[in-house]
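As structure tokens, the structure follows; a few thoughts come after it.
If you're wondering where the values come from, they're calculated on a predicted model, not measured in any experiment. Throughout, a chain's letter reflects where its sequence line sits, starting with A, and its residues are numbered from 1.
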Amino acid sequence: KAGVTQTPRYLIKTRGQQVTLSCSPISGHRSVSWYQQTPGQGLQFLFEYFSETQRNKGNFPGRFSGRQFSNSRSEMNVSTLELGDSALYLCASSRGQGANTEAFFGQGTRLTVV
Amino acid sequence: GDSVTQMEGPVTLSEEAFLTINCTYTATGYPSLFWYVQYPGEGLQLLLKATKADDKGSNKGFEATYRKETTSFHLEKGSVQVSDSAVYFCALSDPNTNAGKSTFGDGTTLTVKP
């Protein structure tokens, strides 16, 4: 069974640009969550989608957005990049309901803003 | 809201030493509890889980027991190996109150020396 796939693995962008990250969940998983990981702030929850609907959102500015497609694949977009957006962005998939709510993580996308 | 507090690191141990990483939580509902491990340059991997009070999760020699009375889920291993060096995250999710969102502790870095 294939795991969670995130693309690209590494990305370098210039301040002010925008970026789109992609996540393909484990087959059969309908929930996709996004997290930002930085040395100073740890793992911060961005948002979660279930069956194409955003169910939860963290405390991030509106520059951070996401969406989920009918095949459960998800994208997140960051507009007007700032230096502080440099981080490892992790995607996690789960069944999203019932007792088995453990999240399975991808390897992440390392975003560097210069 | 939900929160997870982990013992601060870093933790440095000699091979074959006993490991304890403390984790306590605050949740409004009845969450499931997890330990994840992150190796350098990788995403998070689920190490073990417990879904109800008094459950014991175990995997690869690691154990943790869901203690509702003390709201704790401490991670233990009787004899650590160099290969256990990684960052360990305690996490909770509550499908009844906050479906799809996992709340993580700040992580504890473990270094095991030969």
- prompt: So if you build clusters from Ile, Leu, Val, Met, Phe, Trp, Tyr with side-chain heavy-atom gaps below 4.5 Å, do W34(A) and F50(A) land together?
  reply: no

message: Would you say that more than 12 heavy atoms from the other residues, nucleotides or ligands in this model lie under 6.0 Å from the NZ of K68(B), or not?
response: no

message: Please output the residues of residues 65-91 of chain A in contact with chain B, using a heavy-atom cutoff of under 4.5 Å, in numerical order.
response: L88(A), L90(A)

Shared hydrophobic cluster, V4(B) / L48(B) (ILVMFWY, side-chain heavy atoms < 4.5 Å): yes

- request: Please round to the nearest 0.5 Å and tell me the distance separating atom CG of L43(A) and atom OG1 of T103(B).
  value: 10.5 Å

- request: Against chain A, label Q38(B) side chain, backbone, both or neither, depending on which of its atoms sit under 4.5 Å from a heavy atom there.
  value: side chain

message: For the interface with chain B, which of Q41(A), R110(A), Q44(A), Q37(A) has the highest count of heavy-atom pairs at distances below 4.5 Å?
response: Q37(A)

query: Hey, is CZ on F18(B) packed in by over 12 heavy atoms from elsewhere, all under 6.0 Å?
result: yes

- request: Say whether V37(B) and F34(B) are linked into one hydrophobic cluster, either directly or through other cluster members, by side-chain heavy-atom distances under 4.5 angstrom.
  value: no

message: For the CD atom on E8(B), are there more than 12 heavy atoms of other groups (residues, nucleotides or ligands in this structure) within a distance under 6.0 Å?
response: no

query: Among the clusters formed by ILVMFWY side chains lying less than 4.5 Å apart, do V80(B) and L47(B) turn up in the same one?
result: yes

message: Given Y35(A), which partner from the list Y36(B), F89(B), F104(B) fulfils the ring pair (Phe, Tyr, Trp, His ring centres under 6.0 Å) test?
response: F104(B)

query: Is it the side chain or the backbone of L46(B) that comes within 4.5 Å of chain A heavy atoms, both, or neither?
result: side chain

message: Are there over 12 heavy-atom neighbours, none belonging to R15(A), within less than 6.0 Å of that residue's CZ?
response: no

task: For E16(B), look at atom CD and say whether over 12 heavy atoms of other residues, nucleotides or ligands are found less than 6.0 Å away.
output: no

field: Interchain contact, R9(A) with chain B, by part (heavy-atom threshold 4.5 Å)
entry: side chain

- prompt: When clusters are formed by joining ILVMFWY residues with side-chain heavy atoms under 4.5 Å apart, either directly or through shared neighbours, do V87(B) and L19(B) land in the same one?
  reply: no

query: Side chain, backbone, both or neither: which part of Q6(A) has a non-hydrogen atom closer than 4.5 Å to chain B?
result: neither

field: Y49(A), part contacting chain B, at a heavy-atom distance under 4.5 Å
entry: neither

